[in-house]
Amino acid sequence: MTDRPRIICLMTASVDGGLHPSRYTDSPDGTAKAWTRAYESLHERLDADGWIVGRVTMAEMAKGEPRASTTADAPARPSLFQARHAASFAITLDRAGKIRFAGPDIGGDPVVVLLGRGVSDAHLAELAANGVSYLVSDSDEIDLAGALTTLRRELGIETLLLEGGAGINGSFLAAGLVDELNLVIAPALDGGTNAERIVAAGDGLKGKVTLSLLGCEHLAAGAVNLRYRVAAVG
């Protein structure tokens with residue numbers, strides 16, 4: 001048993017592990033849009049309490065502009081939870097406080113930002129003014145395990161979908177915080193020597209995790225769903 005949420009890393013990949021469908025080869029079995037729909041259907045079927053992505057991925061969705069706080073009060077530290085009851089939460093890592101949000105949610109899911117200790121009061125005040133919840137780590141780097149424990153305790157998150165990019169996936173796997181790897185494999189290749197893969201973890205993950213097959217399902221448009229149990233080594 002653990003006091004953190006169960007983490008399922010859910011990703012779409014080409015056969016050679018490419019992360020970005022815009023780079024995939026064509027297939028007579030289906031299209032990138034069809035593979036994305038298969039992924040989205042699986043996301044809904046898993047019915048998790050939230051999803052978590054890295055800073056770059058979230059910045060593409062947040063689409064906000066800098067907004068000054070209208071209060072002179074010091075913002076709350078280490079946390080401010082402005083929405084505690086939701087069917088799903090949108091969570092991101094933003095160590096230095098760079099993401100600007102247009103509002104308190106992404107697609108109706110209240111946002112929670114995980115930040116490093118060095119984030120400025122001005123940025124916290126901006127998040128608060130936009131209705132965004134946040135949690136500041138007690139170290140310059142984000143304490144992933146500690147943050148997950150807090151999210152479970154404060155927001156009741158029992159299952160969380162880890163949905164990339166490659167860096168955040170690698171960080172969670174290296175830290176032994178992933179319980180399941182759930183992949184939608186498209187019948188396509190990337191093949192580029194500079195292709196970003198679904199996992200990037202510095203010097204690699206050899207000796208850090210093991211995978212064991214849980215199941216395989218044939219999806220639409222030639223895609224397959226592979227599920228693996230992930231266990232930390234040691």
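Every value quoted in this text rests on a predicted model; they were computed, and no experiment measured them. This chain uses plain numbering: 1 for the first residue, then up along the sequence.
One hydrophobic cluster, built from ILVMFWY side chains closer than 4.5 Å, holds both L173 and Y228. The hydrophobic cluster containing M11 also contains V199, counting ILVMFWY residues as joined when their side-chain heavy atoms lie under 4.5 angstrom apart, directly or transitively. In the hydrophobic clustering of ILVMFWY residues, with side-chain heavy atoms under 4.5 Å counting as a link, L205 and L213 come out together. The cluster map of Ile, Leu, Val, Met, Phe, Trp and Tyr, joined by side-chain heavy atoms under 4.5 Å apart, puts L155 and L177 in the same cluster. Hydrophobic cluster membership differs between L189 and Y39, with clusters built from Ile, Leu, Val, Met, Phe, Trp and Tyr side chains linked at under 4.5 angstrom.
Atom OG1 of T92 sits about 7.0 Å away from atom CD1 of I52, to the nearest 0.5 Å. Rounding to the nearest 0.5 Å gives a distance of 9.0 Å between CG of N130 and CD of Q82. L226 contributes atom CG, which lies 11.0 Å from atom CG of L211 (distance to the nearest 0.5 angstrom). From N225, atom CG reaches atom NE2 of H218 across 11.5 Å, with rounding to the nearest 0.5 Å. With rounding to the nearest 0.5 Å, the separation of CD1 in I99 from OG1 in T57 is 9.0 Å. Here the straight-line distance linking atom CZ of R100 with atom NE2 of H123 works out to 6.0 Å at 0.5 Å rounding.
Scanning both residues, A38 and L219, for their nearest heavy atoms gives CB-CD1, 4.2 Å. Of all non-hydrogen atoms in G176 and A232, the two that sit nearest each other are CA-CB, 3.9 Å. When every heavy atom of W35 is checked against every heavy atom of G30, the shortest pair comes out as CZ2-O, 3.5 Å. Residues G108 and P110 share a closest heavy-atom pair of O-CD, 3.5 Å. Considering all non-hydrogen atoms of both residues, L135 and S79 come closest at CD1-CB, 3.8 Å. When all heavy atoms are compared, the tightest approach of G131 to P104 is O-CB, 3.4 Å.
Using a 4.0 Å cut-off between charged nitrogen and carboxylate oxygen, E217 and R227 do not count as a salt-bridge pair. The pair E158-R152 counts as a salt bridge, with a side-chain nitrogen and a carboxylate oxygen less than 4.0 angstrom apart. With respect to the salt-bridge test (charged N to carboxylate O, under 4.0 angstrom), the residues R6 and E180 qualify. Contact check on R77 versus D121 returns a salt bridge, with a Lys/Arg side-chain nitrogen under 4.0 Å from an Asp/Glu carboxylate oxygen.
Panel note: side chain Y24, backbone V15; no donor-acceptor pair is recorded below 3.5 Å. One N or O on the side chain of S171 and one on the backbone of G167 form a donor-acceptor pair closer than 3.5 Å.
Side-chain contact between L160 and D49 is absent, with no heavy atoms from C-beta onward closer than 4.5 Å. Within the 4.5 Å cutoff, the side chain of I198 has heavy atoms near those of the L183 side chain. Using a 4.5 Å heavy-atom cutoff, the side chains of H43 and L10 are in contact. Side-chain contact between L114 and I91 is present, with heavy atoms from C-beta onward closer than 4.5 Å. Between L151 and V112 there is a side-chain heavy-atom pair separated by less than 4.5 Å. The closest side-chain heavy-atom distance from V53 to M61 is below 4.5 Å. Using a 4.5 Å cut-off on side-chain heavy atoms (C-beta onward), T159 and I8 make contact. For the pair W51 and D109, the minimum side-chain heavy-atom distance is below 4.5 Å.
Under 3.5 Å, the side chains of S14 and D16 contain a donor-acceptor pair of N or O atoms.
Heavy-atom neighbours of R84 CZ from other residues, nucleotides or ligands within 6.0 Å: above the threshold of 12. Around the NE2 atom of H85, the shell of radius 6.0 Å holds no more than 12 heavy atoms that belong to other residues, nucleotides or ligands.
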### Query
Passes side-chain contact (heavy atoms from CB on, under 4.5 Å), L124 versus L115? Steps please.
CA-CA 9 Å; L124 295 183; L115 302 142; 3.6 Å; yes
### Message
Run the side-chain contact (heavy atoms from CB on, under 4.5 Å) test on F101 and M58 for me, step by step, so that the C-alpha distance in whole Å, both residues' side-chain angles and the decisive distance to 0.1 Å come before the verdict.
### Response
CA-CA 9 Å; F101 293 89; M58 181 58 82; 3.9 Å; yes
### Query
Given the rule in the side-chain contact (heavy atoms from CB on, under 4.5 Å) test, do S137 and R117 qualify, once you have shown the distances and angles that lead to the verdict?
CA-CA 5 Å; S137 180; R117 177 176 57 188; 5.6 Å; no
### Task
Evaluate the salt bridge (Lys or Arg N to Asp or Glu O under 4.0 Å) criterion for residues E196 and R23: first the C-alpha distance (whole Å), next the side-chain angles of each, then the deciding distance (0.1 Å), finally the verdict.
CA-CA 10 Å; E196 186 177 6; R23 296 173 52 111; over 6 Å; no
### Task
Please test F89 against S133 for side-chain contact (heavy atoms from CB on, under 4.5 Å), starting from the C-alpha separation and ending with a verdict.
CA-CA 10 Å; F89 291 90; S133 298; over 6 Å; no
